2 protein chains.
Amino acid sequence: MTNRRDAILDVAERLIRAHGYSGFSFRDVASEVGIKSASVHYHFPTTPDLAAEVAKRYRQRFFEAVEAEVQSGAGRVEAWRSLFRRALDQDGLMCLCGILATEGDGLPTEVANEARAFLRLGIDSLNQTQNGEGGRILSQLEGAMLIARSTNDVGFFDIATENLA
Amino acid sequence: MTNRRDAILDVAERLIRAHGYSGFSFRDVASEVGIKSASVHYHFPTTPDLAAEVAKRYRQRFFEAVEAEVQSGAGRVEAWRSLFRRALDQDGLMCLCGILATEGDGLPTEVANEARAFLRLGIDSLNQTQNGEGGRILSQLEGAMLIARSTNDVGFFDIATENLA
DNA sequence: GTCTATAAGATGATAGAC
DNA sequence: GTCTATCATCTTATAGAC
């Protein structure tokens, strides 16, 4: 069984990816984990603390997954594309940092910083094999997720990113 | 001087585009307009009413602006691109419906419907001259806005959408 | 570690005076 | 139309018992 701390991070990540930073609360997290909100505060003092930790873990896991796929012989662009597609298809969730980025202004500094870091490193990662095109490719992927999720249609993502296959 | 109702819509649009649907409140709107929140309720009974009206007006205005530019001889893709760029550059704001779309799940039905309508009609609009590529183009534009706003760098938008010029 | 209790503030919304 | 209450509810966060 996972750590309680991990369970909190799991639920928080799903809720933020579903409703955004402004749309989740300690009470919601606590309720789904099966504890009280005061107990969440024991693990993560404040809301920005929790959200920043969620974003940090998301970034680390995502980049590890990309590297793993690349090691297995997949193209780098295809790795990014298929990882995003899987989340969209399996859980109906788009990129955490894409959501956070849209809320930009009202976000606590440390959370906004994590979202920015993910996007910047993502561009760098894609530039490794597609020199100078990383920004365009990540834009296309984030935008396609955004629209696909809104229309609840994974097929849209496939078509809108077909040129990246 | 504009109507008070219009003034409310103006402020609400800016606040939603800056902080998202979950990140704006009647009090914030009222405060910036210079009235009390009870007075906002007189014009728009509920929060979803106001947000849906904002989204509807945004869609109408945006499509009118696109058609106007096309009438003036601009390419359709270039019209979309320059309209998004202008908002990003002048006000630091991305597409209203792009923001709303990311919050998808937690959104009141009528607001989510308006966001979806904008995106679907946008794809149709772009498909008029770029048959079968409207989805990819709108994805790229929305994603580029999202990233440019997060990094506060309009130049990123230019580079990431250079191929659409 | 988790709980109960509680504080202090924000929020959506309504009733009723003017 | 706009205001002053006022309400019920949600939210973050803390103190202190267990």
Side-chain angles (χ1 to χ4, degrees), chain A residues 1-57 99-100 103 105-114, chain B residues 1-57 99-100 103 105-114:
Chain A
M1 132 158 181
T2 55
N3 222 337
R4 180 128 294 178
R5 184 189 149 92
D6 290 334
I8 292 171
L9 288 171
D10 288 343
V11 171
E13 177 177 327
R14 187 163 39 76
L15 289 181
I16 296 176
R17 286 172 79 180
H19 309 303
Y21 176 83
S22 308
F24 97 110
S25 74
F26 267 41
R27 235 174 113 221
D28 293 336
V29 173
S31 165
E32 285 205 36
V33 172
I35 54 179
K36 295 296 174 181
S37 76
S39 306
V40 180
H41 279 285
Y42 170 80
H43 295 277
F44 302 93
T46 69
T47 310
D49 286 334
L50 172 55
E53 196 61 29
V54 166
K56 187 181 171 187
R57 191 186 69 159
I99 292 194
L100 290 178
E103 295 181 85
D105 250 16
L107 243 46
T109 313
E110 57 264 58
V111 182
N113 283 345
E114 281 295 340
Chain B
M1 140 160 175
T2 54
N3 221 338
R4 179 128 293 177
R5 185 188 149 92
D6 289 335
I8 292 171
L9 288 171
D10 288 343
V11 171
E13 178 178 325
R14 187 162 40 76
L15 289 180
I16 297 176
R17 287 172 78 180
H19 309 304
Y21 176 83
S22 308
F24 97 111
S25 74
F26 267 43
R27 267 185 177 69
D28 293 337
V29 172
S31 164
E32 285 205 35
V33 172
I35 55 179
K36 297 295 175 182
S37 76
S39 305
V40 180
H41 278 286
Y42 170 79
H43 295 278
F44 302 93
T46 70
T47 310
D49 287 333
L50 172 54
E53 196 61 29
V54 165
K56 187 180 170 189
R57 192 186 67 159
I99 292 194
L100 291 178
E103 296 181 85
D105 249 17
L107 242 46
T109 314
E110 58 264 59
V111 182
N113 283 345
E114 281 295 339

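Chain letters run A, B, ... following the sequence lines, proteins first, then strands; residues in each count from 1. Since the structure is predicted, the reported quantities are computational estimates derived from the model, not experimental observations.
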Side chain of [X] only, please: which of [options] is the nearest?
X: His43(A); options: dG1(C), dA5(C), dT12(D); result: dG1(C)
X: Phe26(A); options: dA15(D), dT12(D), dT14(C); result: dT12(D)
X: Thr46(A); options: dG12(C), dT4(C), dA13(D); result: dA13(D)
X: Thr47(A); options: dT11(C), dA13(D), dT14(D); result: dA13(D)
X: Arg27(B); options: dT14(D), dC3(D), dT11(C); result: dT11(C)
X: Arg4(A); options: dT2(C), dT12(D), dT4(C); result: dT2(C)
X: Tyr42(A); options: dT11(C), dG1(D), dT2(C); result: dT2(C)
X: Ala38(A); options: dT14(D), dC3(D), dG12(C); result: dT14(D)

Checklist entry - Can you tell me how far NE2 of His43(A) sits from CG of Leu50(A), rounded to the nearest 0.5 angstrom? => result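 Leu50(A) atom CG to His43(A) atom NE2 measures 11.0 Å (nearest 0.5 Å).
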Checklist entry - What is the distance from atom CG of Asp28(A) to atom CD1 of Ile16(A), rounded to the nearest 0.5 Å? => result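 Output value for this atom pair is 11.0 Å.
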Next on the checklist: Applying a 4.0 Å non-hydrogen cut-off, can you work out what Phe44(A) is touching in the nucleic acid: base, sugar-phosphate, or nothing?
Outcome noted: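 Nothing: the residue Phe44(A), judged by heavy atoms under 4.0 Å, touches no strand.
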Mind calculating the distance between [atom1] ([X]) and [atom2] ([N]) to the nearest angstrom?
X: Tyr21(A); N: dT12(D); atom1: OH; atom2: C1'; value: 10 Å
X: Ile35(A); N: dT4(C); atom1: CD1; atom2: C1'; value: 15 Å
X: His41(B); N: dT11(C); atom1: NE2; atom2: P; value: 12 Å
X: Lys36(A); N: dG16(D); atom1: NZ; atom2: P; value: 22 Å
X: Asn3(B); N: dT2(D); atom1: CG; atom2: C1'; value: 15 Å
X: Phe24(B); N: dG12(C); atom1: CZ; atom2: C1'; value: 11 Å

Item to check | Under-4.0 Å side-chain N/O to phosphate OP1/OP2 contact, Ser39(A) with dG1(C) | outcome: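 Checking dG1(C) against Ser39(A), no side-chain N or O comes under 4.0 Å of OP1 or OP2.
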Checklist entry - Between Val40(B) and Ala30(B), what is the shortest heavy-atom contact and its length? => result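 Taking Val40(B) first and Ala30(B) second, the nearest heavy atoms are CG2-CB, 3.8 Å.
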Checklist entry - With Glu53(B), which of Glu110(B), Glu114(B), Arg5(B) fulfils side-chain contact (heavy atoms from CB on, under 4.5 Å)? => result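 The residue from Glu110(B), Glu114(B), Arg5(B) that satisfies side-chain contact (heavy atoms from CB on, under 4.5 Å) with Glu53(B) turns out to be Arg5(B).
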Next on the checklist: Regarding Arg17(A) and Asp105(B), does a basic nitrogen lie under 4.0 Å from an acidic carboxylate oxygen?
Outcome noted: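 Judged by the 4.0 Å cut-off on N to carboxylate O distance, Arg17(A) and Asp105(B) do not form a salt bridge.
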